Visitor: 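Provided herewith is a single structure, encoded as structure tokens, for subsequent inquiry.
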2 protein chains.
Amino acid sequence: MAEARSVDTRERILDAAEHLFMAHGYEGTSMRQITSGAGVNLAAVNYHFGSKESLMQEVFRRRLDWLNDERMRVLNALESEAAGKPLKPSQIVDGFFGTLLRMADDEERGGVTFLRLLGRTLTDPSEFIRTFLAHEYAEVVDRYKEALFKALPDVPKAEIVWRFHFMLGATSYAIAGTDALRLVTDWQIEEEDSTDRLDRLVPRLMSFLLGGLRSPLPQFSSPTVDL
Amino acid sequence: MAEARSVDTRERILDAAEHLFMAHGYEGTSMRQITSGAGVNLAAVNYHFGSKESLMQEVFRRRLDWLNDERMRVLNALESEAAGKPLKPSQIVDGFFGTLLRMADDEERGGVTFLRLLGRTLTDPSEFIRTFLAHEYAEVVDRYKEALFKALPDVPKAEIVWRFHFMLGATSYAIAGTDALRLVTDWQIEEEDSTDRLDRLVPRLMSFLLGGLRSPLPQFSSPTVDL
DNA sequence: GTCTATAGTCTGATAGAC
DNA sequence: GTCTATCAGACTATAGAC
């Protein structure tokens with residue numbers, strides 16, 4: 001029972017931390033906010049996780065291990081079904097970004113809270129979390145990059161990697177969902193409630209990403225343009 | 001002379017704050033780091049700006065006033081040249097995002113440092129800075145939204161606003177330039193040096209944004225699709 | 001495994017001499 | 001306008017009782 005309580009406490013701390021880091025950022029969240037939000041003692045974080053940094057890493061690991069396994073599973077399934085032939089770009093984009101976005105509906109996996117935390121962390125990384133994320137993502141990103149190279153053999157690899165970045169950025173911002181410029185305020189009332197908005201975000205974003213990915217290549221002044 | 005020194009001190013503080021906020025975020029940067037970075041006394045920030053929050057706002061105002069004036073100027077020029085006819089989407093996108101990206105080369109206006117600060121702040125906003133940014137951007141965003149509505153009369157306004165968001169996100173992430181996932185590391189050496197990369201970022205991003213903006217509309221299960 | 005108490009440090013801000 | 005000195009509070013982390 002003591003151990004059962006302990007697992008509970010860990011989860012409660014992780015849930016509180018996830019929510020607070022999402023709302024106020026890593027630096028903007030104190031151990032006191034986390035422990036009081038979780039209803040546990042101030043010392044509990046250090047006992048269970050060792051430090052605030054380790055807690056932050058555990059917040060991400062808890063979700064990303066599943067997400068990246070799932071992305072691998074999806075890509076493996078697609079590739080074995082394609083039997084060596086290149087995949088369609090839309091399949092690859094959906095495997096990577098669609099799998100992420102579908103976490104929004106899955107409260108067991110953190111739901112929108114985790115998505116928003118991930119989105120803001122990708123542009124706001126302290127060195128320790130950047131190193132951690134890079135390691136956590138390395139294998140999956142590599143596999144998806146290779147799949148895109150195969151799917152778009154006429155597009156220079158450098159262009160594909162850049163567009164991967166742009167897709168990641170559009171997605172991060174969309175899921176961070178802060179609407180810093182309050183672009184949304186004036187029309188959101190008249191048209192859709194918030195669940196509709198989330199449901200429709202996915203197809204909207206996917207069509208935007210694919211449009212960007214397949215857009216005509218830019219013309220540089222320099223002579224080295226492959227297509 | 002005392003006053004000349006004072007203007008100098010203000011600018012030195014703003015420069016140091018801009019750089020440190022970019023590198024470590026608002027919460028991650030202390031007054032002591034700022035003042036020692038600027039080579040001024042600890043009390044100087046409170047004397048010149050009143051508080052850390054006011055300093056942050058001034059860091060943005062110094063750059064955004066110019067940027068948004070310039071965006072207005074460009075849009076006015078385009079519209080008066082078009083004489084009432086709708087603009088091309090590429091003109092509008094270039095007016096908004098191109099004007100921003102061209103600041104990268106302008107060290108007088110903050111260069112890449114400010115761009116990266118802006119990029120990370122758009123997904124990492126404390127409430128006070130979100131309110132400030134929304135107010136600072138309101139007029140310009142509204143004008144550009146209207147221009148896009150006119151340029152794309154067959155696309156539902158809600159879709160355009162969403163795509164504005166996605167473009168903003170892709171741009172923010174690109175200029176934040178943190179490369180959290182180290183996507184770039186393995187190929188950057190072989191191909192381009194860093195100035196090339198920046199020069200080429202603009203056309204690359206612009207073609208991605210336009211591809212996304214003009215992408216076929218997503219099909220929802222619901223019946224209300226205008227195009 | 002959970003708690004209290006507290007060490008040791010850093011924070012933003014200010015009063016007051018010059 | 002610039003400085004030193006300092007306040008009052010918040011911070012992470014830990015030692016040690018239970």
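Residue numbering restarts at 1 for every chain, and letters A, B, ... go by the order of the sequence lines. Model, not experiment: these values are computed from the prediction.
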Visitor: Respond yes when some side-chain nitrogen or oxygen of B/Asn41 is under 4.0 Å from OP1 or OP2 of D/dT2, and no when none is.
Guide: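 B/Asn41 to D/dT2 OP1/OP2: no side-chain N or O under 4.0 Å.
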Visitor: Round to the nearest Å and state the distance from B/Ile34 atom CD1 to C/dA13 atom P.
Guide: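 Taking atom P of C/dA13 as the reference, CD1 of B/Ile34 is at 10 Å.
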Visitor: Taking for each residue the nucleotide of DNA chain D bearing the nearest heavy atom, is the 5' side occupied by B/Ala43 or by A/Val45?
Guide: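 Here B/Ala43 is the residue nearer the 5' end.
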Visitor: At 4.0 Å (heavy atoms only), tell me whether B/Thr29 reaches a base, stays on the sugar-phosphate, or touches nothing.
Guide: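 Sugar-phosphate contact only - B/Thr29 comes under 4.0 Å of backbone atoms but never of a base.
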Visitor: In whole Å, I'd like the distance from the CE atom of A/Met31 to the P atom of C/dC10.
Guide: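 These atoms are roughly 16 Å apart.
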Visitor: D/dT14 P sits how many Å from A/His48 NE2, rounded?
Guide: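 Going from NE2 in A/His48 over to P in D/dT14 covers 15 Å.
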Visitor: How long is the straight-line distance from NE2 of A/His48 back to CD of A/Glu11, given to the nearest 0.5 Å?
Guide: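 Atom-to-atom, A/Glu11:CD and A/His48:NE2 are 11.0 Å apart.
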Visitor: Can you tell me how far P of C/dA13 sits from CD1 of B/Ile13, to the nearest Å?
Guide: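 Result: 13 Å.
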Visitor: Rounded to the Å, how far apart are B/Leu42 CG and C/dG12 P?
Guide: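 Rounding to the nearest Å, CG of B/Leu42 and P of C/dG12 are 9 Å apart.
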Visitor: Between B/Thr131 and B/Glu127, does any side-chain donor sit less than 3.5 Å from a side-chain acceptor?
Guide: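 Yes, a side-chain donor-acceptor pair sits under 3.5 Å.
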Visitor: To the nearest angstrom, how far is A/Met56 atom CE from D/dA13 atom P?
Guide: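 So the CE-P distance, A/Met56 to D/dA13, works out to 14 Å.
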Visitor: Which nucleotide in the list C/dT2, D/dC3, C/dA13 gets nearest to the side chain of A/Thr9?
Guide: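 Nearest to the side-chain atoms of A/Thr9, counting from C-beta on, is C/dT2.
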Visitor: Taking only side-chain N and O atoms of A/Ser30, does any of them lie within less than 4.0 angstrom of OP1 or OP2 on D/dA10?
Guide: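 No, because none of the side-chain N or O atoms of A/Ser30 sits under 4.0 Å from OP1 or OP2 of D/dA10.
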Visitor: Mind checking the OG-CD spacing from A/Ser51 to A/Gln57? Nearest 0.5 Å is all I need.
Guide: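 Spacing of OG (A/Ser51) from CD (A/Gln57) equals 7.5 Å.
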Visitor: With rounding to the nearest 0.5 angstrom, report the CG to CD1 distance, B/Asp124 to B/Ile129.
Guide: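 Interatomic distance, B/Asp124 CG to B/Ile129 CD1, rounded to 0.5 Å: 10.5 Å.
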Visitor: Provide, to the nearest angstrom, the distance between the CG atom belonging to A/Asn46 and the C1' atom belonging to C/dT2.
Guide: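 Distance check: A/Asn46 CG to C/dT2 C1' gives 13 Å.
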Visitor: Expressed in angstrom and rounded to an integer, what is the separation of B/Glu53 atom CD from C/dT11 atom P?
Guide: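 After rounding, the reported distance stands at 17 Å.
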Visitor: State which of D/dA13, D/dT6, C/dG1 makes the closest approach to the side chain of A/Tyr47.
Guide: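 When the side chain of A/Tyr47 is considered, C/dG1 is the closest of D/dA13, D/dT6, C/dG1.
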Visitor: So, do A/Phe164 and A/Leu148 sit near enough that their side-chain heavy atoms are less than 4.5 Å apart?
Guide: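 Contact flag for A/Phe164/A/Leu148 side chains = yes.
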